[in-house]
Amino acid sequence: MSDPTEATGPTEATGATESTEENGTTGAAGAAGAGASGRRVRVVLVDDHRMFRTGVQAEIGRTEETGVEVVGEAADVDQAVTVITATRPEVVLLDVHLPGGGGVEVLRRCAGLMGDAEQPVRFLALSVSDAAEDVIGVIRGGARGYVTKTITGTDLVDSIFRVQEGDAVFSPRLAGFVLDAFASTDAPPVDEDLDRLTQREREVLRLIARGYAYKEIARQLYISVKTVESHVSAVLRKLQLSNRHELTRWATARRLV
């Protein structure tokens, strides 16, 4: 496998068809045989967590086994656009929350590449977030699918090949968000309180509301416990709440849990 291209720049201080990640119906032999069968797909990884990119590379980047060749990596929006333009991969694994404007901004700036009739670049969102607004935002931006970071390596490889072939791929519970969104002609209501929070603060908010401990949130988001505490303090201050119990009630009332 050729050496992947990796953009230089700031790194983390600590980045239709349903995927079967939650029920494991895709057999390991299927993905493992992708390379042996001669199928190949060139992929760029976009995530602001270097540790996560390294893990994904190790899991899916064994080209002879999986058929996946990782040709580039990026940690923010500018790096992503540069690497994608230079390497012209067939599929981009795109995190939703990135420095510089997020995954939606990458999609906007790569619209021309997605629309290339001869060599389209297709995007598959891969994120810790399962929030409806995140899913709908990137799908409206042009991504072909959305899977969460709980997905297995086997199912991720399968999802990549499906997106390469033009299929739409979603984690099971996320497909409903997309169907509901595109079936409705009404614009979603604006929540001014929620809009005060950054994307990362929203992620922490949801995990706190689901009962996660600070250490569990830190592992889930690849950040330190101290950073989690800082985000929680910021959320409480912005929403004028006193403790995590009030925060949980606030999130539950808005169906964010």
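These figures come from a predicted structure and were not determined experimentally.
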Legend entry - 4.5 Å side-chain heavy-atom contact, Val71 and Val44: yes
Note to self: If we ignore hydrogens and angles and just use 3.5 Å, is the side chain of Glu90 paired with the main-chain N or O of Arg42 as donor and acceptor?
What the structure shows: yes
Glu246 meets the side chain to side chain contact (heavy atoms under 4.5 Å, CB included) criterion, sequence neighbours left out, with Leu241, Ser242, Asn243, Arg249
Next item on the list: Without swapping roles, check the side chain of Arg196 against the backbone of Leu239 for a donor-acceptor pair under 3.5 Å.
Entry: no
Correct closest heavy-atom pair for Val96 and Ser127 would be CG2-CB, 3.6 Å
Any carboxylate oxygen within less than 4.0 angstrom of a Lys/Arg side-chain nitrogen, looking at Glu203 and Lys149? no
* Asked: How far apart are the C-alpha atoms of Trp250 and Leu205, what are their side-chain angles, what is the distance that settles it, and do they pass the side chain to side chain contact (heavy atoms under 4.5 Å, CB included) test?
  -> CA-CA 10 Å; Trp250 187 93; Leu205 164 64; 3.7 Å; yes
Quiz: residues 103-123 side-chain donor-acceptor pairs under 3.5 angstrom, not counting sequence neighbours:
residue : atom : partner : partner atom : Å
Glu105  : OE1  : Arg108  : NE           : 3.0
Glu105  : OE2  : Arg108  : NE           : 3.4
Glu105  : OE2  : Arg108  : NH2          : 2.6
Arg109  : NH1  : Asp78   : OD1          : 2.9
Arg109  : NH2  : Asp78   : OD1          : 3.3
Asp116  : OD1  : Glu118  : N            : 2.9
Asp116  : OD1  : Gln119  : N            : 3.0
Asp116  : OD2  : Arg88   : NH2          : 2.8
Gln119  : NE2  : Arg88   : O            : 3.3
Arg122  : NH1  : Gln164  : O            : 2.7

Donor-acceptor check, side chain of Glu201 to backbone of Leu197, threshold 3.5 angstrom: yes or no?
no
Note: Ala209 and Ala251 closest approach over all heavy atoms is CB-CB, 3.6 Å
Discussion item. Looking at Thr63 and Val68, would you say the former's side chain and the latter's main chain have a donor-acceptor pair under 3.5 Å?
Written reply: yes
Original post:
Does any non-hydrogen side-chain atom of Ser159 lie less than 4.5 Å from one of Ile151?
Top reply: yes
In terms of heavy-atom contacts, Val77 and Gly101 come closest through CG2-N, 3.8 Å
Sequence neighbours excluded, the answer for side-chain hydrogen bond (donor to acceptor under 3.5 Å, both in side chains) partners of Glu229 is none
Output for pair (Phe161 CZ, Arg40 CZ), nearest 0.5 Å, gives 8.0 Å
Sorted by chain and number, sequence neighbours left out, side chain to side chain contact (heavy atoms under 4.5 Å, CB included) with Ile208 holds for Val204, Tyr214, Ile217, Val232, Arg244, Leu247
| Can you find a heavy atom in the side chain of Thr66 that is under 4.5 Å from one in the side chain of Ile160? | no
Report yes if the side chains of Leu126 and Phe52 come closer than 4.5 Å at any heavy-atom pair, otherwise no.
yes
* To do: May I ask you to test the Arg202-His97 pair for a side-chain heavy-atom distance under 4.5 Å?
  => no
Have Thr148 and Thr150 got a donor and an acceptor in their side chains that come within less than 3.5 Å? yes
Heavy-atom side-chain proximity of Ile60 to Leu93 below 4.5 angstrom: yes
Short side-chain to backbone donor-acceptor contact, Ser171 and Leu174, under 3.5 Å | no
Rounded to the nearest 0.5 Å, the CG atom of Asp134 sits from the CZ atom of Arg206 at a distance of 6.0 Å
Residue set satisfying side chain to side chain contact (heavy atoms under 4.5 Å, CB included) with Thr54, at least two apart, ordered chain then number -> Arg50
Residues passing the side chain to side chain contact (heavy atoms under 4.5 Å, CB included) test with Lys215, sequence neighbours excluded, are Arg219, Val225
Minimal heavy-atom distance between Glu216 and Gly211, with the atoms involved, is OE1-O, 4.3 Å
message: Assess the residue pair Leu207 and Val228 against the criterion (side chain to side chain contact (heavy atoms under 4.5 Å, CB included)); give the C-alpha distance rounded to whole Å, side-chain angles, the decisive distance to 0.1 Å, and a yes or no.
response: CA-CA 11 Å; Leu207 294 175; Val228 173; over 6 Å; no
